[in-house]
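Report on the following structure.
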Protein chains: 2
Amino acid sequence: MYLALLYENVRPLLIAVDCIIFGVQDTELKLLIFKREVEPLAGAWSLLGSFVNRDESVDTAAERILFELTGLEDIYMEQLHCYGALDRDPGGRVVSIAYWSLIRVDQNHLEFNVRSHEAKWVSLDKIPDLVLDHRDMVERAIANLREKARFKPVGFELLPEEFTLGQLLKVYEAIFDHPIDSRNFRKKLLNSGLLIPLTKKDKSTSKKGSFLYKFNQETYRQLSQEGYNFGF
Amino acid sequence: MYLALLYENVRPLLIAVDCIIFGVQDTELKLLIFKREVEPLAGAWSLLGSFVNRDESVDTAAERILFELTGLEDIYMEQLHCYGALDRDPGGRVVSIAYWSLIRVDQNHLEFNVRSHEAKWVSLDKIPDLVLDHRDMVERAIANLREKARFKPVGFELLPEEFTLGQLLKVYEAIFDHPIDSRNFRKKLLNSGLLIPLTKKDKSTSKKGSFLYKFNQETYRQLSQEGYNFGF
DNA sequence: CCAAAAGTGTTCCGAATACACCCATGA
DNA sequence: TCATGGGTGTATTCGGAACACTTTTGG
């Protein structure tokens, strides 16, 4: 074991993870927030968080709390930032590792789990006061999501397996919070090789019906690495 | 204090910071590495690291270790990633927060401090084996530096107050590791508003001498926020 | 006078942008 | 038949990329 432990001022610290969860609902980008369960500040709005157990990695802890909430594994997740200020938590010295994730709001059990925890989806421009430095975390996460979305195909993580171009367009409008020209969007996406056209149509949103697509996983991986300009 | 502390498996953990230090030497991007001083693995090459004291923030800890080494404050520094795998350190469970920084190799005292610690600058393609997961950290840092350098004016952090366009070009060639057309580079940079031309010339590298510039701090800050395409 | 680095303009191409109408269909 | 969302093509502009010669001066 490390000699450092012998020194008085080098002491282990509590480590937490907090998770900024984004989803698209009603063509708007939303944030999932929770009623905090532990003191201090129990009952206030908060991000989903938990302490890191000593027998799990930090990443695993983040996956665990998301799993406990959503029942889903393999959720898209990015480590955001370590928040390590001295006074960030009045309950004691806690260092928090923030993650953000994108989830498909319509997925099985999600509705149920969200209801059974005290949670709700909120628009990004109507976020209530959050405990501790959670507001900072959310702002950094939004900036990070937008930055990432400009060059990596993350928009797809918010959609179901099969989706229409209109849905995809709305996801990007939700992320960037401004309107996108549909002709340019279609042209670019269809030429990107990211989309595999299906023969089925989705008739739920229009009389005419619109073609469904799914992702080309191969191209997806490639563009994730190389980067691609998703600025519109 | 948190109830969580009562649970057996939620225990405080040791937190360390590790710092990936980049500098430009002989027109090449280099990494500063150190002989590790603590067991286990004392004597092996390593990044500069230290434990986080309980009376300092994580960011402060990172600044402290850089200050102890270089004697410099206000060094450009970015938090990179939290490394929290269970088995990353054979000496015990340690979570490490990695930072990378850019320093001006020619600065006062730096040479002295580097020599007095057992440290050396190495080319990125000749990095020896490093302890623990430090190699991963370096690779992530290089990727992060290149990504950042494409859109933020970070190249300037590696140069002295006054510099020539040739020096700046070489910094970018060093970061991106490929040659850049000097005419396009000059055009773009001179139009960016980032450079304030001085009347002095630097004659150390050529008979003709080349004009010196300094940064326009105002534009620098602005472009840091808004982003600017530094891809060449 | 020559070697070595500094400095300078133009053309070309591709990608992003702006923009307006027809189509299919269920109600 | 009409309201609703789906689908399509072209012209323009801007920025990035490619490219070669002249200038200065210390040695």
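Just so we're on the same page: letters track the sequence lines, and every chain starts at 1. Please read all numbers here as calculations on a predicted model, not as lab measurements.
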Any ion pair linking A:E218 and A:R221 (charged N to carboxylate O, less than 4.0 Å)?
yes
Does a donor on one side chain sit under 3.5 Å from an acceptor on the other, for A:D202 and A:S204?
yes
Judged by modelled atom types alone, do B:E173 and B:H178 share a side-chain donor-acceptor pair under 3.5 Å?
no
Quick test: give all pairs of protein nitrogen or oxygen and nucleotides 25-27 of chain C nitrogen or oxygen below 3.5 Å, distance rounded to 0.1 Å.
from: C:dG26; atom 1: OP1; to: A:K203; atom 2: NZ; distance (Å): 3.4

Stepwise, does the ring pair (Phe, Tyr, Trp, His ring centres under 6.0 Å) test hold for B:Y228 with B:F230?
CA-CA 6 Å; B:Y228 181 78; B:F230 286 92; 4.9 Å; yes
In degrees, rounded to 10°, what is the bend between the two ends of the helix from C:dC1-D:dG27 to C:dA27-D:dT1, using five pairs at each?
0°
Consider the side chain of B:R186, meaning its heavy atoms from C-beta on, and name the nucleotide among D:dG5, D:dG7, C:dT8 that approaches it most closely.
C:dT8
Of the nucleotides D:dG7, C:dA6, D:dG5, which one has an atom closest to the side chain of B:S210?
C:dA6
Grab the OH-P distance between B:Y172 and D:dG16 for me, whole Å please.
14 Å
Taking CZ from B:F211 and P from D:dT24, how many angstroms apart are they, rounded to a whole number?
11 Å
Distance check needed: C:dA5 P versus B:L168 CG, whole Å only.
18 Å
Determine whether a donor-acceptor pair (N or O, by modelled atom type, separation under 3.5 Å) exists between the side chain of A:S57 and the backbone of A:T60.
yes
Counting only heavy atoms from other residues, nucleotides and ligands, does the tally under 6.0 Å from NZ of B:K214 exceed 12?
no
Taking for each residue the nucleotide of DNA chain D bearing the nearest heavy atom, is the 5' side occupied by B:S182 or by B:G231?
B:G231
Sub-3.5 Å donor-acceptor pair from the side chain of B:R146 to the main-chain atoms of B:I175, do we have one?
yes
Please confirm whether A:F232 and A:Y172 have ring centers closer than 6.0 angstrom.
yes
Quickly work out the A:K188 NZ to D:dT8 C1' distance and round it to whole Å.
19 Å
Could you give me the CA-CA distance, side-chain angles and deciding distance for A:L165 and A:L190, then say whether side-chain contact (heavy atoms from CB on, under 4.5 Å) is met?
CA-CA 9 Å; A:L165 271 172; A:L190 290 172; 4.1 Å; yes
Round to a whole Å and report the spacing from CG of A:L198 to P of D:dG6.
16 Å
To the nearest angstrom, how far is A:L189 atom CG from C:dA16 atom C1'?
14 Å
Gap between atoms CZ and C1', on A:F185 and D:dT8 respectively (whole Å):
16 Å
Quiz question: by atom type and distance under 3.5 Å, do the side chains of B:R140 and B:Y83 form a donor-acceptor pair?
yes
What's the verdict on side-chain contact (heavy atoms from CB on, under 4.5 Å) for B:K148 and B:W100, showing C-alpha distance, side-chain angles and the deciding distance?
CA-CA 12 Å; B:K148 196 135 254 163; B:W100 58 271; 4.2 Å; yes
What is the distance, rounded to the nearest whole Å, between atom NE2 of B:H178 and atom C1' of D:dA18?
15 Å
Within the sub-3.5 Å range, which N or O atoms of nucleotides 9-14 of chain C have a protein N or O partner, and how far apart are they?
from: C:dT10; atom 1: O4; to: B:K187; atom 2: NZ; distance (Å): 2.8

